[in-house]
Amino acid sequence: MTLSTLSILTVEQFQNFTLEPTVQLEGPVTYQWLLNDRELPETKERQLHFSGILQNLTGVYSVRMTLNSGMNLIEKVADVKLKVKTQSQITASSDFDQNGLSDLLFEHEEGFVATWTLDAEQVVKAEFIEPGLIGEDWSIAATGNLNGDETTDILLRHISGAFGVWYMQNPSLATESSFSPNVEEARLINFRGAAQTQWSLMGAADFDGDEKGELVMLHPDGTFALGFLNQDRQGRTHLHTIELFPQHRFQGTSGHLAAIADFDRDHHPELLMVFEQGEMMTMGLNRKNGTFLVRSLKPRSFDRSKWEIVATGDYDRNLSIDLIFRSKENGNLAIWLMDGLELMEARIIQPANPGVGWNIVGPR
């Protein structure tokens, strides 16, 4: 006998949840869970628990309940669908050509801009961004998806304190099969009366879940803030709100903000702070009360006298944020391949050095 109480259940990747039948049978009952009509090994309890569901565990779950009399009742319990945190989501600030591999962003001292595409530690592609030249007195400050089109945009800062943005072309709109990153539109960011020269632009990430990045800014007094952007009908970009967290200041500490990304895979960005002795901590922001959930990486520190963190991204496609280091001695690059907050392996990037005059400016 088959009973269907089938419901559609959509869960997020890495989410914990439990399935159980709705019917109650009297007397001793033997349970056997099935996925797409195939028995799942070692699933003979009434409840079926999941810890960190992955793509291969999606489908229709049924449970076969057998009484002592030998009668079987099969209940179709749930059609489990997975809302996967996709490669494009986790590399939202690092995949410039949207090919599934994270990139490094370089700026030359003469103003040229280029990218390296990495596959783990191996550089597989290097190319200029078109137009590949930043104007005089401008520099790259941060990267992030600012308009919700799933492309990585580039934030710039003028020596006067003005902010600008390069909105990058969406690869899906490209006419050529081989896509190279191109600037679709360049815009100034209008602060609408805010004293923008007082703020340092530290990065961009989606803190409110609207799939658009907010500016991460730091005031000289140490106040942390988020800047929310919108575009008007004429396409002009405005910073319409600055959200302050005055109870948390970085001034007077030995730490600095090194990167912003989803390091612990909870679908929310964290701040990566690096302290004087090389100790690293992620700080997950609670926007309701302005507090942070602080967690340490494993290992907890690196030799800050010899290395500095210059970029982050998912470079080996395991949905974890990896760390890019630059040697202070010779400029060579290295990568920490991460599993969540834990180091799996450290490698030297091949080739290790971008050459004279080139500096990594993102993503971070």
Side-chain angles (χ1 to χ4, degrees), residues 87-88 90-109 112-129 134 139-145 151-157 166 168 181 201-205 213 216 256-263 269-274 278 280 282 297 302-304 306-328 330-338 341 343-355 357-364:
Q87 187 77 14
S88 64
I90 199 165
T91 63
S93 64
S94 57
D95 187 5
F96 287 93
D97 54 11
Q98 291 287 291
N99 67 347
L101 291 170
S102 292
D103 306 312
L104 294 178
L105 182 64
F106 292 87
E107 181 181 346
H108 193 268
E109 59 188 16
F112 296 102
V113 183
T115 62
W116 276 6
T117 296
L118 294 187
D119 188 356
E121 81 280 9
Q122 187 66 48
V123 178
V124 297
K125 184 172 63 173
E127 56 191 344
F128 286 100
I129 287 179
I134 294 179
S139 60
I140 294 175
T143 59
N145 179 15
T151 61
T152 301
D153 304 312
I154 298 175
L155 285 156
L156 304 105
R157 172 123 188 180
W166 278 0
M168 303 300 290
L201 185 55
M202 309 300 292
V216 181
H256 75 277
L257 180 57
I260 306 160
D262 182 9
F263 293 96
E270 290 86 41
L271 312 180
L272 176 63
M273 299 295 296
V274 176
M280 297 173 289
T282 63
L297 275 67
F302 64 97
D303 189 346
R304 195 177 174 190
K306 297 181 179 180
W307 296 90
E308 61 179 341
I309 296 174
V310 290
T312 59
D314 181 11
Y315 297 98
D316 57 357
R317 306 192 201 193
N318 72 339
L319 298 178
S320 291
I321 297 296
D322 307 309
L323 307 181
I324 303 293
F325 291 84
R326 186 185 71 86
S327 169
K328 294 181 178 180
N330 54 26
N332 287 348
L333 303 175
I335 186 171
W336 277 15
L337 297 172
M338 305 293 289
L341 297 176
L343 172 66
M344 294 192 301
E345 189 175 358
R347 301 177 184 175
I348 298 296
I349 290 177
Q350 303 295 330
N353 200 303
W358 288 98
N359 293 306
I360 291 184
V361 289
R364 57 178 183 267

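On a predicted model such as this, the values are computed, not experimentally measured, just so you know.
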Please find the pair of heavy atoms, one from [X] and one from [Y], that lie closest to each other, and give the distance.
X: G313; Y: S102; value: C-OG, 3.9 Å
X: P354; Y: G331; value: CD-O, 4.3 Å
X: A204; Y: A142; value: N-CB, 4.3 Å

Problem set entry | Non-neighbouring partners of F106 that pass ring pair (Phe, Tyr, Trp, His ring centres under 6.0 Å), sequence neighbours left out |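 Checked F106 against ring pair (Phe, Tyr, Trp, His ring centres under 6.0 Å); matches are W116.
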Closer than 3.5 angstrom, by distance alone: can the side chain of [X] be matched with the main-chain N or O of [Y] as a donor-acceptor pair?
X: D153; Y: M168; answer: yes
X: Y315; Y: T117; answer: no
X: D314; Y: L319; answer: yes
X: E107; Y: I140; answer: yes
X: K328; Y: R304; answer: yes
X: E121; Y: Q350; answer: no
X: D322; Y: M338; answer: yes
X: N353; Y: N330; answer: yes

Is any side-chain heavy atom of [X] less than 4.5 Å from a side-chain heavy atom of [Y]?
X: V310; Y: N359; answer: no
X: L118; Y: K125; answer: no
X: L337; Y: L343; answer: no
X: I360; Y: L105; answer: no
X: V113; Y: I134; answer: yes
X: L201; Y: L155; answer: yes
X: D316; Y: M344; answer: yes
X: L104; Y: T115; answer: no

Drop me the distance from [X]'s [atom1] to [Y]'s [atom2], to the nearest 0.5 angstrom.
X: I129; Y: W166; atom1: CD1; atom2: CH2; answer: 7.0 Å
X: I324; Y: I335; atom1: CD1; atom2: CD1; answer: 4.0 Å
X: L272; Y: I260; atom1: CG; atom2: CD1; answer: 9.5 Å
X: F263; Y: T312; atom1: CZ; atom2: OG1; answer: 5.0 Å
X: F325; Y: I348; atom1: CZ; atom2: CD1; answer: 11.0 Å

For this session: Verify side chain to side chain contact (heavy atoms under 4.5 Å, CB included) between R326 and N332, making sure each step is shown before the conclusion.
Result: CA-CA 6 Å; R326 186 185 71 86; N332 287 348; over 6 Å; no
Exercise. Does a sphere of radius 6.0 Å around NZ in K306 hold more than 12 heavy atoms from other residues, nucleotides or ligands, not counting ones at 6.0 Å or beyond?
Worked result: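 Counting other residues, nucleotides and ligands, NZ of K306 stays at 12 neighbours or fewer.
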For this session: Classify the ring geometry between W358 and F128 as parallel (under 30°), tilted (30 to 60°) or perpendicular (over 60°).
Result: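 It falls in the tilted class, 30° to 60°.
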Exercise. Checking side chain to side chain contact (heavy atoms under 4.5 Å, CB included) for the pair I309/V274: CA distance, chi angles, key distance, verdict?
Worked result: CA-CA 9 Å; I309 296 174; V274 176; 3.9 Å; yes
